[in-house]
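Input: a single structure, listed below in structure tokens.
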Amino acid sequence: MSMNWDEKKTVLRKKIEEYTKGNVCIAFSGGVDSSLLLTLACEGAARTGGKVYAVMLDTVLHPKGDVQTAIQVAEKTVAIFQVIRVDELENPKIMENPKDRCYLCKRYLYEKILDYAREVQAPVVIEGTNEDDLHQYRPGLRAVKELGIRSPLAECGFTKEEVRKMAGEYKISTASRPSAPCLATRLPYGTRIQKEVLKKIEEGEEYIRQLGYGNVRIRVYQNLVRLEVDPKDFGKVLTHKDRIIRKLKELGFSYVTLDLEGFRSGSMDL
């Protein structure tokens, strides 16, 4: 039997509150999914007395701005916030960027979080996969299942839109924040991951975002860039084209193209 909106939210709250009867550890990125989980966990812990640990992994493959965003969100809660520095490229298999890179990377990262969870005696670790993620190419989900990490949003059937809606009701600051996935997703599989290239991608995307864009992806094929933005922003790109081209060429890219299909998550998996 399908549930109405209030019933669905109640089920999610009860599930997370059950976890807070003991200590609970949240894989926290500062994005809307994990921010909602953190808010609900703190709400539940206020009733059960458990401790909530928000673990942020400061990694080589994720935008540096994520850390500051996560800190700002976590400071508004009673959670114990911990940042762990991780270099995924210490694993040579991940550096080679194989088709199962996401699986290898997620397993590597979640093992770090599980180590921390054991230190603080948190028997449950939860993460922010939602229902929509289950219907996309997400090889990292295999690592989540193998390691026994719980995904309450997906388990309760919450779509990304519903996550944003509930986050908005709680007035969570990241409710409308665009997703910021791993920078390695900007490179074709089989292209060796180099830190200096990731820095150029991050700097280029941040520059374009500061011009007033929401979703921005710079997909890199050696010295060629395929720029993805929302189709509604195509006209704006043409207005800013000289500035965008100049910036990306300063970063070392020779060719700059606009993808006419627009932004789409996971386009490198097609």
With the side chain counted from C-beta on, respond yes when [X] and [Y] share a heavy-atom pair under 4.5 Å apart, and no when they do not.
X: Thr191; Y: Tyr221; answer: no
X: Cys156; Y: Lys15; answer: yes
X: Val229; Y: Asn215; answer: no
X: Met268; Y: Arg226; answer: yes
X: Glu96; Y: Pro92; answer: no
X: Tyr116; Y: Gln82; answer: yes
X: Val32; Y: Lys160; answer: yes
X: Leu183; Y: Ile193; answer: no

Quick one: does any side-chain atom of [X] pair with a main-chain N or O of [Y] as donor and acceptor, under 3.5 Å?
X: Glu202; Y: Lys64; answer: yes
X: Asp100; Y: Pro139; answer: no
X: Arg85; Y: Asp58; answer: yes
X: Asp233; Y: Tyr213; answer: no
X: Glu127; Y: Thr129; answer: yes
X: Lys200; Y: Leu251; answer: yes
X: Lys236; Y: Gly212; answer: yes
X: Thr185; Y: Pro181; answer: no

For [Y], is there an ion pair with [X] - N to carboxylate O distance below 4.0 angstrom?
X: Arg150; Y: Glu155; answer: yes
X: Arg118; Y: Asp115; answer: yes
X: Arg138; Y: Asp133; answer: yes
X: Glu162; Y: Lys8; answer: yes

Same apolar cluster: [X] and [Y], side chain cutoff 4.5 Å:
X: Ile201; Y: Val60; result: yes
X: Val83; Y: Tyr53; result: no
X: Val55; Y: Ile149; result: yes
X: Ile16; Y: Val144; result: no
X: Val163; Y: Leu134; result: no

Practice item. Give me the one residue out of Asp230, Asp269, Asp259 that meets salt bridge (Lys or Arg N to Asp or Glu O under 4.0 Å) with Arg264. Key: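 Exactly one pass, corresponding to Asp259.
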Practice item. Check Glu205, Glu206, Glu203 against Lys247 for a salt bridge (Lys or Arg N to Asp or Glu O under 4.0 Å) and give me the one that passes. Key: Glu203
Point to revise | Intermediate values then yes/no, side-chain contact (heavy atoms from CB on, under 4.5 Å), Phe263 and Val216 | key: CA-CA 7 Å; Phe263 166 79; Val216 178; over 6 Å; no
Gap separating the [atom1] atom of [X] from the [atom2] atom of [Y], nearest 0.5 angstrom:
X: Leu147; Y: Lys145; atom1: CG; atom2: NZ; answer: 13.0 Å
X: Met56; Y: Ser34; atom1: CE; atom2: OG; answer: 8.5 Å
X: Tyr19; Y: Thr48; atom1: OH; atom2: OG1; answer: 13.5 Å
X: Leu114; Y: Lys112; atom1: CG; atom2: NZ; answer: 11.5 Å
X: Lys51; Y: Cys25; atom1: NZ; atom2: SG; answer: 13.0 Å
X: Tyr137; Y: Lys99; atom1: OH; atom2: NZ; answer: 7.5 Å

Check your understanding: So Leu198 and Leu61, side-chain contact (heavy atoms from CB on, under 4.5 Å) or not? Walk me through it.
Key -> CA-CA 7 Å; Leu198 298 181; Leu61 297 183; 3.3 Å; yes
Closest heavy-atom pair and its distance - [X], [Y]:
X: Val73; Y: Ser173; value: CG2-OG, 3.8 Å
X: Tyr189; Y: Pro98; value: CD2-O, 3.3 Å
X: Ser35; Y: Thr174; value: OG-OG1, 3.3 Å
X: Ile26; Y: Ala41; value: CD1-CB, 3.7 Å
X: Ile126; Y: Pro152; value: CB-CD, 4.0 Å
X: Asn23; Y: Val120; value: ND2-O, 3.3 Å

Check your understanding: Trp5 vs Phe158 aromatic rings, parallel, tilted or perpendicular, using cut-offs 30° and 60°?
Key -> tilted
Check your understanding: side chain to side chain donor-acceptor pair (under 3.5 Å) between Glu146 and Tyr110: does it pass, once the steps are laid out?
Key -> CA-CA 10 Å; Glu146 288 175 355; Tyr110 279 119; over 6 Å; no
Practice item. Decide if atom CD of Glu161 counts as having more than 12 heavy atoms of other residues, nucleotides or ligands within a radius under 6.0 Å. Key: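 At most 12 heavy atoms, drawn from other residues, nucleotides or ligands, come within 6.0 Å of this atom.
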Exercise for review: Answer yes or no: does atom OH of Tyr255 have more than 12 heavy-atom neighbours from other residues, nucleotides or ligands under 6.0 Å?
Suggested key: no
**Study point:** salt bridge (Lys or Arg N to Asp or Glu O under 4.0 Å) evaluation trace for Lys195 with Asp87
**Key:** CA-CA 10 Å; Lys195 292 180 181 179; Asp87 184 352; 2.9 Å; yes
Point to revise | Among Ile80, Val78, Leu40, Leu38, the one residue meeting side chain to side chain contact (heavy atoms under 4.5 Å, CB included) with Val52 | key: Leu38
**Study point:** Glu169/Lys9 under salt bridge (Lys or Arg N to Asp or Glu O under 4.0 Å): CA gap, chis, key distance, verdict
**Key:** CA-CA 11 Å; Glu169 292 175 358; Lys9 290 188 293 184; 2.8 Å; yes
Exercise for review: Let me see the working for Glu18 and Lys21 under side-chain contact (heavy atoms from CB on, under 4.5 Å), right down to the final yes or no.
Suggested key: CA-CA 6 Å; Glu18 190 67 26; Lys21 289 180 178 178; 3.1 Å; yes
**Study point:** Name of the residue among Arg186, Glu228, Arg217 meeting side chain to side chain donor-acceptor pair (under 3.5 Å) with Ser267
**Key:**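 Among the candidates, only Glu228 passes.
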Review point. Is it true that the NZ or CZ of Lys249 lies under 6.0 Å from the centre of Phe253's six-membered ring and within 45 degrees of the ring axis?
Key: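 Ring-cation test returns no.
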Practice item. Report the C-alpha distance between Met166 and Leu12 in whole Å, list the side-chain angles of each, state the deciding distance to 0.1 Å, and finish with yes or no for side-chain contact (heavy atoms from CB on, under 4.5 Å). Key: CA-CA 11 Å; Met166 191 170 184; Leu12 178 61; 3.9 Å; yes
Exercise for review: Indicate whether any N or O donor in one side chain lies under 3.5 Å from an N or O acceptor in the other, for Thr59 and Glu88.
Suggested key: yes
**Study point:** Distance-only donor-acceptor check, side chains Tyr207 and Glu250, under 3.5 Å
**Key:** no
